[in-house]
Peer 1: 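Dropping the structure in here first, questions after.
None of these values were measured; they are calculated from a predicted model.
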Amino acid sequence: MFFKRLVIIISCVLLCVFSAFSFAGCKDDTFTVRFESGAVDAELYYGKQVQKVSSSSKIVEPIYIRPGFNFVGWNRSISRLEKDSTVVAQWKAYDFQVTFYANGGADESGNKIVTLQTDSAYNLYENQPNFTKEGYDLSWDLDLKEITRSCSVNAIWTPKKYDLVFKDINGNDFAQNITKINYNDKVGEIDITPPAISGKRLAYWENQDGLPLDKGVVWKVDNGETLYPKYVSDSEFLIKYDINGAQRGQKVYSYSPDSELVLIDPIRVGYGFNGWLINDSQVPKLSQDITIEDFKVNGNYQDVCLTAVWESRPYRITFNTDGGTLLGQWTKDVWFGETLGQLPTAEKQGYEFFGWEYNGEIFKDTAVWEVPSDSTFKAVYKAKYTIRFSLTTTIGKENTELECKLIKWGGVVNDGITQFTDVEFELVEGESLYSKYGFEVMPVVDPIEPKGQNEYLFGNSWIFVDASGNAHHIKQGTIFNSESLNGIKGGDVIILKPNCKMVWSPRY
C-alpha cells in the first residue's frame, strides 16, 4: 500500500515538472518596439516603424528624415530594451546665419553689422544685437521668432515722441501747456500763449539754460524739455525766425527804430547759408546787408519774419573695388541731405558683389547722405562657390562603383517634381544646401528594393575632399565658408560625392 502511494506521489511530481517545462516552452519571449518620428514633418526614409524582436540586439534602427533638422538620437537607450516600448526621435535644427544691419545705429562696441550663427529662432531672438540710435526705438523688418534659414535682417528706426512743457514766467503750469514732438522733426509754429503781462508781449520761448526754441529747429535732443516765456516791451518790434533746419542758437529777437541791428548767421551742418527771406520776399539777403530799414512796410516799422535759405553742399564719393572691376564711374557727386541715387556695382572673379561699405555700414541707393565730407566707398563681396554633385560613388573594400540620381525630400517642394536636376549650381558664402533650396537633396541608388541585388542607403552626408586631401562630411545644414571647409575660397569648385553604405545583400 505504501509503495503504491509512493508511485502516485512521484508520478504527480513528474507531471508537474513536465507541465512547467511545457508552459515555459510555449511562452512568447518577444517584445514590440515602436519608433516614433518625434515631429509631424519627419518622414520614415528606411526601415520599419514597428518591430517585434526577441532581444535588443535584433532591433534594426529605422531612419527618419526631417527637413531642416539633424537626427541626434532616441529619447532612450535601445540596447537596454527588454519589453514593449516606444522610443522617440530627437532632433536638432540646422545652424543658419543671420546678418543684422544697424542702418544708422550701432551696438555698444560700435559695430554696425553683426552676423549670428544659431540653430533656432528662439536663440536668435534671445541673442539679437542691441543696436541703438539716439532718439529712436528699434524694431526689425523680419519677425525674429519666425526665422529658420539664413537671411539678412535690417533695423527699422521709429522716432521717439517727447513732451514740450510750457510754463509761465514763474514756472507754473497753465491751460493747454503741453505739445508733442518727434525726434528729428522740425519745430513748427509754437501756438502757445502764456499769461499776459502788462506792458509786455511774448518774444520767444527758451529752456532753463536760456536757449531759444525757434520755428524750423530740427529736434535732436533725446528727451523732452521745459520752456519758459521771454517777453519784450510793447514798444519794441519783434523779429521771428524760421531757421529751416539749423541748429539752435542765440539771435536778435526785437528791435526799435533807433537800435543798431546785428543779425547772426545760423549754422546747419552740410549746408551753405544763402541769407534771409524778409517776410514774403523771394530774394534772400545776407545778414550783413540787412538794416532795420528793410523791416518797414509802407513806411512804417513792423514785426518781421526772417526765413533762412540754405544750399546743400556737394561731396564726392570715390569707389574702391578691392581688387574687383567697377561697372560704372569711379566717382560720384552727392548732395548732403539727399538720397545717394543709383550707385555703380562691381564684380570680382569667384565672388558676389554685396554692396558698398563706409565706416562699417553698407550703403544702398536709397540712403540719405549725411556725412559732411568727401568719402571713399569700399566694395564688399561674398565668396561664391560652384557646387557640383557627383552622381557616382564607390563603396566597400572592393570599391564598388554606384550610380545615383538626386531627389527632393520634404521641405518646400511645391512644383510636384521629386527629381532634382541641378547637378551644378552656385552657393554663396553663409548658405547651406538646405537654406539654398528649402528641402533636402538626397541621392538614391537604383534599384532600391532588395530583389536578389545589393541595397544601398544614403548616409545623410556628402563627402568633399579639399585641396590638402582632407575629407569633409557635408550635411544638408553645413554652412559653407572658409572656416567650416578648411580655407576654401571664392571661385572654388566643390565636388560632393554621395556617402552611401550597404544595408542589405543577398550574401547576408
Side-chain angles (χ1 to χ4, degrees), residues 134-137 158-269 273 276-280 287 290 292 294-297 300-310:
E134 185 181 52
Y136 291 87
D137 291 319
T158 303
K160 295 178 181 178
K161 189 181 291 291
Y162 306 101
D163 287 340
L164 298 182
V165 180
F166 297 85
K167 294 184 177 290
D168 67 19
I169 197 169
N170 297 313
N172 300 317
D173 292 333
F174 57 90
Q176 297 180 340
N177 67 323
I178 297 177
T179 188
K180 302 282 187 179
I181 189 167
N182 292 330
Y183 189 89
N184 209 39
D185 274 0
K186 283 185 180 180
V187 175
E189 195 75 50
I190 300 176
D191 191 20
I192 301 290
T193 303
I197 295 180
S198 178
K200 295 181 179 295
R201 58 178 178 152
L202 177 68
Y204 57 90
W205 291 91
E206 63 181 11
N207 64 14
Q208 61 183 7
D209 298 321
L211 189 62
L213 183 63
D214 300 304
K215 179 182 178 181
V217 165
V218 177
W219 193 257
K220 292 286 190 180
V221 184
D222 193 11
N223 53 254
E225 196 167 79
T226 300
L227 297 155
Y228 305 88
K230 188 70 174 178
Y231 296 91
V232 297
S233 170
D234 279 342
S235 63
E236 294 182 85
F237 298 100
L238 297 181
I239 302 176
K240 294 186 177 181
Y241 293 91
D242 181 350
I243 58 175
N244 197 16
Q247 301 174 6
R248 294 173 74 173
Q250 295 291 345
K251 301 174 188 66
V252 179
Y253 287 91
S254 64
Y255 76 98
S256 58
D258 57 350
S259 63
E260 184 178 347
L261 184 65
V262 180
L263 295 177
I264 301 172
D265 285 352
I267 298 174
R268 186 180 180 188
V269 175
F273 179 61
W276 301 99
L277 294 176
I278 303 173
N279 291 329
D280 297 326
S287 297
I290 296 177
I292 59 173
D294 294 308
F295 299 161
K296 285 184 176 180
V297 177
N300 297 313
Y301 292 108
Q302 302 284 339
D303 291 346
V304 66
C305 179
L306 299 181
T307 301
V309 178
W310 303 98

Peer 1: Going from OH on Tyr136 to OG1 on Thr158, what distance comes out if it is rounded to the nearest 0.5 angstrom?
Peer 2: 9.5 Å

Peer 1: Could you check Tyr255 against Val232 for side-chain contact (heavy atoms from CB on, under 4.5 Å), going step by step and ending with a plain yes or no?
Peer 2: CA-CA 10 Å; Tyr255 76 98; Val232 297; over 6 Å; no

Peer 1: Return the minimal non-hydrogen interatomic distance between Leu238 and Leu202, and the atom names on each side.
Peer 2: CD1-O, 3.5 Å

Peer 1: So, do Leu227 and Val165 sit near enough that their side-chain heavy atoms are less than 4.5 Å apart?
Peer 2: no

Peer 1: Which distance, rounded to the nearest 0.5 Å, do you find between the CD1 of Ile278 and the CG of Asp294?
Peer 2: 4.5 Å

Peer 1: Please collect all side chain to side chain donor-acceptor pair (under 3.5 Å) contacts where either partner lies in residues 204-214, sequence neighbours excluded, each pair once.
Peer 2: Asn207-Glu225, Asp214-Lys251, Asp214-Tyr253

Peer 1: Can you check whether Leu164 reaches Ile178 side chain to side chain, under 4.5 Å on heavy atoms?
Peer 2: no

Peer 1: Only counting residues at least two apart or in another chain, list the ones meeting side chain to side chain donor-acceptor pair (under 3.5 Å) with Tyr301.
Peer 2: Glu293

Peer 1: Does Asn182 form a side chain to side chain donor-acceptor pair (under 3.5 Å) with Tyr162? I'd like the steps, not just the answer.
Peer 2: CA-CA 6 Å; Asn182 292 330; Tyr162 306 101; over 6 Å; no

Peer 1: Where do Gln250 and Leu211 come nearest, in terms of heavy atoms and distance?
Peer 2: NE2-CA, 4.3 Å

Peer 1: Between Asn177 and Phe166 (side chain of the first, backbone of the second, donor and acceptor by atom type, cut-off under 3.5 Å), is there such a pair?
Peer 2: yes

Peer 1: Answer yes or no: is there a side-chain heavy-atom contact under 4.5 Å between Val309 and Asn244?
Peer 2: no

Peer 1: For side chain to side chain donor-acceptor pair (under 3.5 Å), just list the numbers for Trp276 and Thr307, CA-CA rounded to whole Å, side-chain angles, deciding distance to a tenth of an Å, and then say yes or no.
Peer 2: CA-CA 5 Å; Trp276 301 99; Thr307 301; over 6 Å; no

Peer 1: If you apply the rule side-chain contact (heavy atoms from CB on, under 4.5 Å), what do you find for Val269 with Gln247, and how did you get there?
Peer 2: CA-CA 8 Å; Val269 175; Gln247 301 174 6; 3.4 Å; yes

Peer 1: Within the structure provided, determine whether Lys161 and Ile181 are in side-chain contact (heavy-atom separation under 4.5 Å).
Peer 2: no

Peer 1: Would you call Asp303 and Lys240 a salt bridge, using N to O less than 4.0 angstrom?
Peer 2: no

Peer 1: Taking all atoms of both residues into account, what is the closest heavy-atom pair of Ile192 and Pro194, and its distance?
Peer 2: O-CD, 3.6 Å

Peer 1: Atom CD1 of Ile264 and atom OG of Ser287: how far apart are they, to the nearest 0.5 Å?
Peer 2: 9.0 Å

Peer 1: Indicate the atoms forming the closest heavy-atom contact of Phe174 with Thr193, along with that distance.
Peer 2: CE1-O, 3.6 Å

Peer 1: Compare every heavy atom of Trp310 with every heavy atom of Ala246, then report the nearest pair and how far apart it is.
Peer 2: CB-CZ2, 3.5 Å

Peer 1: Begin from the C-alpha positions of Asn172 and Lys167 and carry the test side-chain contact (heavy atoms from CB on, under 4.5 Å) through to its verdict.
Peer 2: CA-CA 5 Å; Asn172 300 317; Lys167 294 184 177 290; over 6 Å; no

Peer 1: Any idea which heavy atoms bring Phe273 and Asp265 closest together, and the distance?
Peer 2: CE2-OD1, 3.3 Å

Peer 1: Between Arg201 (side chain only) and Glu236 (backbone N and O only), is there a donor and an acceptor less than 3.5 Å apart?
Peer 2: yes

Peer 1: Please determine whether side-chain contact (heavy atoms from CB on, under 4.5 Å) holds for the pair Asn279 and Gln302, giving the CA-CA distance in whole Å, both sets of side-chain angles, and the decisive distance to 0.1 Å.
Peer 2: CA-CA 10 Å; Asn279 291 329; Gln302 302 284 339; 5.9 Å; no

Peer 1: For the CG atom on Asp280, are there more than 12 heavy atoms of other groups (residues, nucleotides or ligands in this structure) within a distance under 6.0 Å?
Peer 2: no

Peer 1: For Asn184 and Lys220, which I'm curious about, is there any donor-acceptor pair between the side chains at under 3.5 Å?
Peer 2: yes

Peer 1: Which residue pairs satisfy the salt bridge (Lys or Arg N to Asp or Glu O under 4.0 Å) criterion with at least one member in residues 183-194, sequence neighbours excluded?
Peer 2: Glu189-Lys215

Peer 1: Determine whether Tyr228 and Asp168 make a side-chain contact, defined as any pair of heavy atoms from C-beta on separated by less than 4.5 Å.
Peer 2: no

Peer 1: Using a cut-off of 6.0 Å, state whether more than 12 heavy atoms not belonging to Lys230 lie near its atom NZ.
Peer 2: no

Peer 1: Checking ring pair (Phe, Tyr, Trp, His ring centres under 6.0 Å) for the pair Phe295/Phe237: CA distance, chi angles, key distance, verdict?
Peer 2: CA-CA 10 Å; Phe295 299 161; Phe237 298 100; 9.5 Å; no

Peer 1: Would you call Lys200-Asp234 a salt bridge at under 4.0 Å N-O?
Peer 2: no

Peer 1: Can you tell me if Ser233 uses its side chain to pair, donor with acceptor, with the backbone of Ser235 under 3.5 Å?
Peer 2: yes

Peer 1: Looking at side-chain heavy atoms only, is the closest gap between Leu306 and Val304 below 4.5 Å?
Peer 2: yes

